Protein chains: 2
Amino acid sequence: MKKKIAFRSTCPISTMLDITGDKWSLLIVRDLAFKGKNTYGDFLKAGEGIATNVLADKLTQLEIGGIVTKERHPQSKAKVLYRLTKKGIDLIPALVEIILWSEKYHHVHEQAVSFAWQVRRDKIGMTKMLMDGAKKIEL
Amino acid sequence: MKKKIAFRSTCPISTMLDITGDKWSLLIVRDLAFKGKNTYGDFLKAGEGIATNVLADKLTQLEIGGIVTKERHPQSKAKVLYRLTKKGIDLIPALVEIILWSEKYHHVHEQAVSFAWQVRRDKIGMTKMLMDGAKKIEL
DNA sequence: TGATCTACTTGTAAAAAGCAAGTGCTTTGG
DNA sequence: CCAAAGCACTTGCTTTTTACAAGTAGATCA
């Protein structure tokens, strides 16, 4: 029952929103990119409390959108390993700007902010650290 | 019937999504920031075809979120002038990263991309141009 | 003054999100 | 080796949001 994405226009912002424009998709990307989470259960247990059917739906949407892949988990046959694609990793600069914006107008973790500045300064290096799971950050 | 925003967590990304996390809000910001649109009718006529009741709802949401203000229109009593607040203008860097991301993976206007790079390079100057209405860009 | 413009509101149907429970493999512990 | 628990979902139902169509009230135009 995989419904494909309907693009409303060729506007780049509209295009992005057609893939990730809801209250949950970018939180999944956040968990993958910044928090070292990569299983269904990990996402379910994340602070905001996504409903299980909604999570399933968003994950397949993100897969169709080319943002994540489902793979067999190296440690367990019962688990599924979710990973960001290159396209997904390339969302990090946008997420970083979002973090910096939120920091400016809402109260958020200091750690998140200094980290965001680091990523902004050295995108490649920090992204690599993130992807290796060497760095996890509390958001 | 102005319903206030419910924040799901203190995560900066989640916080931003609680205000603008849907398929329409950022398109309104786009129209204000890049296209020199500033009335209800302008937004309605924008390419993606937002429903009138949804537009009304999103506009009050954005107002509550501190992103836009409603003001009396200098040319006509029948019109309302919508404008980005500082907080709204500060969303531009995030929009720029979104534009660059979309360009990389989807087909979008060349003009939009070179413009995005310009804003990224000279944020202050380009933002000023945009806000003065001196620059309009086709997205 | 009547038609048109502008910014909405109202009503209803369709779609998406939220909630609770269940299914079917897989792993674990005795 | 078997029962219980873990894991990744699915199913059914309710509530909320979005979409579509029509209508309203004040301002402007001809």
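Worth knowing before you read on, the calculation uses all heavy atoms, side chains too, and leaves out hydrogens, waters and symmetry mates. Proteins get letters first, then strands, A, B, ... in listed order; numbering begins at 1 in each. Given the structure is predicted, the values throughout are model-derived calculations rather than measurements.
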With nearest nucleotides of DNA chain C determined for A/Gln75 and A/Ile50 from heavy-atom distances, which residue corresponds to the more 5′ nucleotide?
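Per heavy-atom nearest nucleotide, the more 5' residue is A/Ile50.
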
Would you check if there is a donor-acceptor pair between the side chains of B/Thr15 and A/Ser102 at a distance under 3.5 Å?
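Side-chain D/A pair, A/Ser102 to B/Thr15: absent.
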
Among side-chain atoms of B/Asp90 and A/Tyr105, is any donor-acceptor pair under 3.5 angstrom?
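A pair is found: one side chain offers a donor N or O, the other an acceptor, under 3.5 Å apart.
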
Which of the following nucleotides, [options], is nearest to the side chain of [X]?
| X | options | answer |
| --- | --- | --- |
| B/Ala56 | C/dC8, C/dT27, D/dT18 | C/dC8 |
| A/Thr52 | D/dT18, C/dA21, D/dT28 | C/dA21 |
| A/Ala51 | C/dG18, C/dT26, D/dA27 | C/dG18 |
| A/Lys77 | C/dT27, D/dT28, C/dT9 | C/dT27 |
| A/Val54 | C/dG18, D/dC20, C/dA7 | C/dG18 |
| B/Thr39 | C/dT27, D/dA27, C/dA7 | C/dA7 |
| B/Asp57 | D/dT18, D/dC9, D/dT28 | D/dT18 |

How many Å lie between [atom1] on [X] and [atom2] on [N], as a whole number?
| X | N | atom1 | atom2 | result |
| --- | --- | --- | --- | --- |
| B/Asp42 | C/dC5 | CG | C1' | 13 Å |
| A/Leu44 | C/dG18 | CG | P | 13 Å |
| B/Tyr40 | C/dC5 | OH | P | 17 Å |
| A/Leu81 | D/dC7 | CG | P | 14 Å |
| B/Leu62 | C/dC8 | CG | C1' | 16 Å |
| A/Arg8 | D/dT18 | CZ | P | 11 Å |
| B/Lys70 | C/dC8 | NZ | P | 5 Å |
| A/Leu55 | C/dA17 | CG | C1' | 13 Å |

Treating A/Thr39 as the side-chain partner and A/Val80 as the backbone partner, does any N or O pair qualify as donor plus acceptor under 3.5 Å?
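Not a single qualifying donor-acceptor pair exists.
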
Do the side-chain N or O atoms of [X] get closer than 4.0 angstrom to the phosphate oxygens (OP1, OP2) of [N]?
| X | N | answer |
| --- | --- | --- |
| A/Trp24 | C/dG18 | yes |
| A/Tyr82 | D/dC9 | yes |
| A/Lys58 | C/dA17 | yes |

Base C/dC19 paired with A/Asn53 side chain (donor-acceptor, <3.5 Å):
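In this structure, the two groups form a donor-acceptor pair.
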
Is there a side chain to side chain contact (heavy atoms under 4.5 Å, CB included) between A/Ile67 and A/Leu84 once you walk through the steps?
CA-CA 6 Å; A/Ile67 312 289; A/Leu84 287 176; 4.3 Å; yes

Quick check for you: to the nearest 0.5 Å, what is the distance between B/Leu55 atom CG and B/Ile50 atom CD1?
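Spacing of CG (B/Leu55) from CD1 (B/Ile50) equals 4.5 Å.
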
